[in-house]
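Have a look at the structure below before the remarks.
Convention: sequence-line order gives letters A, B, ...; per-chain numbering from 1. These figures come from a predicted structure and were not determined experimentally.
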There are 2 protein chains.
Amino acid sequence: MKATIRDVAKLAGVSVATVSRVMNKKGYVNSETEQKVMKAMKQLQFEPNQMARGLAGKRTKTIALILPDISNPFFPGLARGVEDIAQNNGYTVILCNSDDMGVKERSYIEVLKKKYVDGIIFATNNLVREDLERMEEARIPFVMLDRAPNMESGCVIKVDNFGGAKTAVEHLLEAGCKKIAHVYGPQELVTAKERLEGYEEVARQHPWYTPTLMIPGDFTIDGGIRAVDALLSKHPDVDGIFAGNDLMAVGVLKELNRRGISIPGQVKVCGFDGVNLTEITQPELSTIAQPIYQIGELAANKLIERINQSSSHYETVELGVSLIVRESTQKA
Amino acid sequence: MKATIRDVAKLAGVSVATVSRVMNKKGYVNSETEQKVMKAMKQLQFEPNQMARGLAGKRTKTIALILPDISNPFFPGLARGVEDIAQNNGYTVILCNSDDMGVKERSYIEVLKKKYVDGIIFATNNLVREDLERMEEARIPFVMLDRAPNMESGCVIKVDNFGGAKTAVEHLLEAGCKKIAHVYGPQELVTAKERLEGYEEVARQHPWYTPTLMIPGDFTIDGGIRAVDALLSKHPDVDGIFAGNDLMAVGVLKELNRRGISIPGQVKVCGFDGVNLTEITQPELSTIAQPIYQIGELAANKLIERINQSSSHYETVELGVSLIVRESTQKA
DNA sequence: AATTCGTATGTAACCGGTTACTATAAAATA
DNA sequence: TATTTTATAGTAACCGGTTACATACGAATT
């Protein structure tokens, strides 16, 4: 039924080794022989069985993308970037949702090893050094997103959270804000931490700066809502809010709207991430946009590069972010 | 290094066949022998190589999900439902974006065949009968979403678009609308078609009904914006809009907002799908919600069922939708 | 002229499981 | 008691590729 390499070999009158060589363009093959083999492959509609290749050659042309939750609006764009590059290079992507739980991530890694994936992209933050070392031992190339650059191998891709946060606060200042609060995300996440540091860096230089202007949030819409609640009780006169991510910014917007506080009239709001959501809120949300899709592309490209060359030296790439000014921070 | 089935067999003092039987709980194995084997597996930390299993047994414990674009807010929830069920059953999910292009879908199917995926879920609409027949020949179980039930095998999962659309229009009527328009989606899609039919079914019975109240859209935000444009030029007195999906509803909302038309005061808007976006618009959007996550779960469950029993008789499941009333259709 | 090397191809082992088939003893049935 | 049937376990072929190693030959080197 399905043609195998031996069928091709027989039809072409050569050995399986030769056919394999032709397939993989590896080793010496006379060009005439090559033509014969190619013709036989066409004729039989030969499609190499990936399972067999995987078993024999330890290559599956499959990579995995482990992320917290594809439902989180940050990740679809990223996943799309990864998938597009993967596809262009003949790779297929396995999607894994970890809910940011270390256990799930680890169990996934085990499964993926058994399936011989060629590499893994982590958009999560719960793996400890030990896990990564285990990856290296198993010789599975990997790329990580938003990690602190503190390991001896692996590849980390991150954006300039610190700089982006500074830009956000400066932008709010320029828009006329006299007292700017920051709703920060979980401090276990480097991203959240760096953004908070960026805020402080700029805020500290102003007389209105005070620690109670920094409100904890959890990177969710509800977190943004609660934060506004907490913030306004202490600082009813705040006129600028920089949210640690867009989801919280949306929450902030919702709660301000609910309270009848005009945006950007009374309070200006700026988010961080640049997810699509920011275009559909009312008012539209200014934000520090990460090149989400490109991050996905880059991650996939780096991973594939590593798979091919198994150059496992440590490498970190930092991408820039860009301020997108929309209604929520319009000057009076 | 990595323990194989033969290592286990040797250590347990049995044959590989017996080990295999223990692994798969298949055939007769004495319970004492089983214990010995289990112990040996533990001791060697034996992990069966999925590649080998796939090659020998034609089972890869992998399914694929082909959808137009994971960036479209409808799909992340669906993908999550699929992935959760897959994971619970020991399956892994390959994600494929087809951009709704038949060519890409077909090329993906070929790739997936070579990779021996155990089954495929299609959330796309470009495969013709011929493609599906090819799937059947290849004995790859599949489940489709939002398809017209017109084939002899395969499994289709859909929602009650017709009923949902009727509900939407009735809801707008009840909210006080005197002239309701419908922005419909691409008529190649059954979903769009059925929703349009639902609208007509109810609208036809009212004196204000006229074909020009039905505006074509393309299921995107921009499509919604353009539709409002077209609509208002012909019917400036429209006071209710039922959009064929949430994305267009968002566009409608945006454009109405831009024009300073109050919602729900002057015009009420209702969407369809129930994506998360509808909760963050201003005003929040009423919508006919599909049980998106559950559809994903159901699709995965059905597929796995089919994989196990290879019961390939045709089957179609229709799920209900539910009206979610929010601000955009509030009574005066 | 003898040796080495680059080109070209074949043989067969191997990757690590599954499973058809065979063998045997014990239990059930005739 | 003879014949099936059931429980248990092993042998070896097979899935469909990859690749180390062997072979062969003309050209280049010594």
Side-chain angles (χ1 to χ4, degrees), chain A residues 1-38 40-41 44-62 90 111 113-118 138-139, chain B residues 1-38 40-41 44-62 90 110-111 113-118 138-139 308:
Chain A
M1 200 193 99
K2 213 59 153 312
T4 76
I5 196 174
R6 309 192 201 255
D7 298 329
V8 175
K10 190 172 295 173
L11 181 61
V14 300
S15 73
V16 291
T18 301
V19 177
S20 181
R21 284 185 199 109
V22 172
M23 281 177 54
N24 302 297
K25 308 193 193 316
K26 214 172 176 180
Y28 297 113
V29 179
N30 182 301
S31 59
E32 277 176 48
T33 313
E34 187 177 342
Q35 294 310 314
K36 274 195 301 185
V37 174
M38 299 276 246
M41 300 208 298
L44 295 172
Q45 297 191 59
F46 171 71
E47 298 284 359
N49 178 322
Q50 296 298 330
M51 281 295 127
R53 300 185 95 170
L55 182 57
K58 321 255 174 252
R59 279 273 154 84
T60 55
K61 282 284 182 178
T62 303
V111 172
K113 268 189 200 166
K114 285 191 240 169
K115 293 209 174 179
Y116 278 40
V117 297
D118 294 342
R139 317 203 120 276
Chain B
M1 197 193 99
K2 215 50 158 317
T4 77
I5 196 173
R6 308 190 204 255
D7 299 328
V8 175
K10 190 172 295 173
L11 181 61
V14 299
S15 73
V16 292
T18 301
V19 177
S20 180
R21 284 184 199 109
V22 171
M23 282 177 54
N24 302 296
K25 308 191 193 316
K26 214 171 176 182
Y28 298 112
V29 180
N30 182 301
S31 58
E32 278 175 46
T33 313
E34 187 176 342
Q35 293 311 314
K36 274 194 302 184
V37 174
M38 299 275 246
M41 299 207 300
L44 295 172
Q45 296 192 60
F46 172 71
E47 299 283 0
N49 178 321
Q50 297 297 329
M51 279 296 126
R53 300 184 95 170
L55 181 57
K58 320 255 173 251
R59 279 274 153 81
T60 54
K61 282 283 180 180
T62 303
E110 288 312 307
V111 172
K113 268 189 199 166
K114 284 192 239 168
K115 293 211 174 177
Y116 277 40
V117 297
D118 294 343
R139 316 205 119 275
N308 293 330

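Closest of all the heavy-atom pairs between B:K58 and B:D118 is O-OD1, 4.1 Å. Scanning both residues, B:T60 and A:M51, for their nearest heavy atoms gives CG2-CE, 3.3 Å.
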- May I have the step-by-step check of side chain to side chain contact (heavy atoms under 4.5 Å, CB included) for A:E32 and A:Q35, ending in yes or no? CA-CA 5 Å; A:E32 277 176 48; A:Q35 294 310 314; 5.7 Å; no
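Using a 4.0 Å cut-off on heavy atoms, the residues of residues 10-23 of chain A that approach DNA chain C are A:G13, A:V14, A:S15, A:V16, A:A17, A:T18, A:R21, listed by number. Near-neighbour residues of DNA chain C inside residues 52-59 of chain A, defined by a heavy atom below 4.0 Å, number-ordered: A:L55, A:A56, A:K58.
Two residues, A:R6 and B:V29, neighbour DNA chain D, and the one matched to the more 5' nucleotide by heavy-atom proximity is B:V29.
With values rounded to the nearest 0.5 angstrom, A:N30 atom CG is found 8.5 Å from A:K36 atom NZ. With values rounded to the nearest 0.5 angstrom, B:K2 atom NZ is found 10.0 Å from A:K114 atom NZ. To the nearest 0.5 angstrom, B:I5 atom CD1 is 5.5 Å from B:F46 atom CZ.
Side chains of A:N49 and B:Y116 form a contact here, defined as non-hydrogen atoms less than 4.5 Å apart.
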Can you give the donor-acceptor pairs under 3.5 Å from side chains of residues 18-29 of chain B to other protein atoms, not counting sequence neighbours?
unit_1: B:T18; atom_1: OG1; unit_2: B:S15; atom_2: OG; d: 3.4
unit_1: B:S20; atom_1: OG; unit_2: B:N24; atom_2: ND2; d: 3.4
unit_1: B:N24; atom_1: OD1; unit_2: B:R53; atom_2: NH2; d: 2.7
unit_1: B:N24; atom_1: ND2; unit_2: B:S20; atom_2: O; d: 2.9

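Protein chain B contacts DNA chain C from C:dG16 to C:dT19, reading 5' to 3' and using non-hydrogen atoms of the protein with a distance under 4.0 Å.
Here A:K113 pairs with A:I109, A:E110, A:R134, A:A138, A:I140 under the side-chain contact (heavy atoms from CB on, under 4.5 Å) rule; sequence neighbours left out.
Between the OH atom of A:Y28 and the P atom of D:dT19 there is a distance of 17 Å, given to the nearest Å.
Side chains of B:T62 and A:K115: a donor-acceptor N/O pair is present below 3.5 angstrom, by distance only.
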Any N/O pairs under 3.5 Å between the protein and nucleotides 24-29 of chain D? List them or say none.
none

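Applying the 6.0 Å contact sphere to NZ of A:K10 captures no more than 12 heavy atoms from other residues, nucleotides or ligands.
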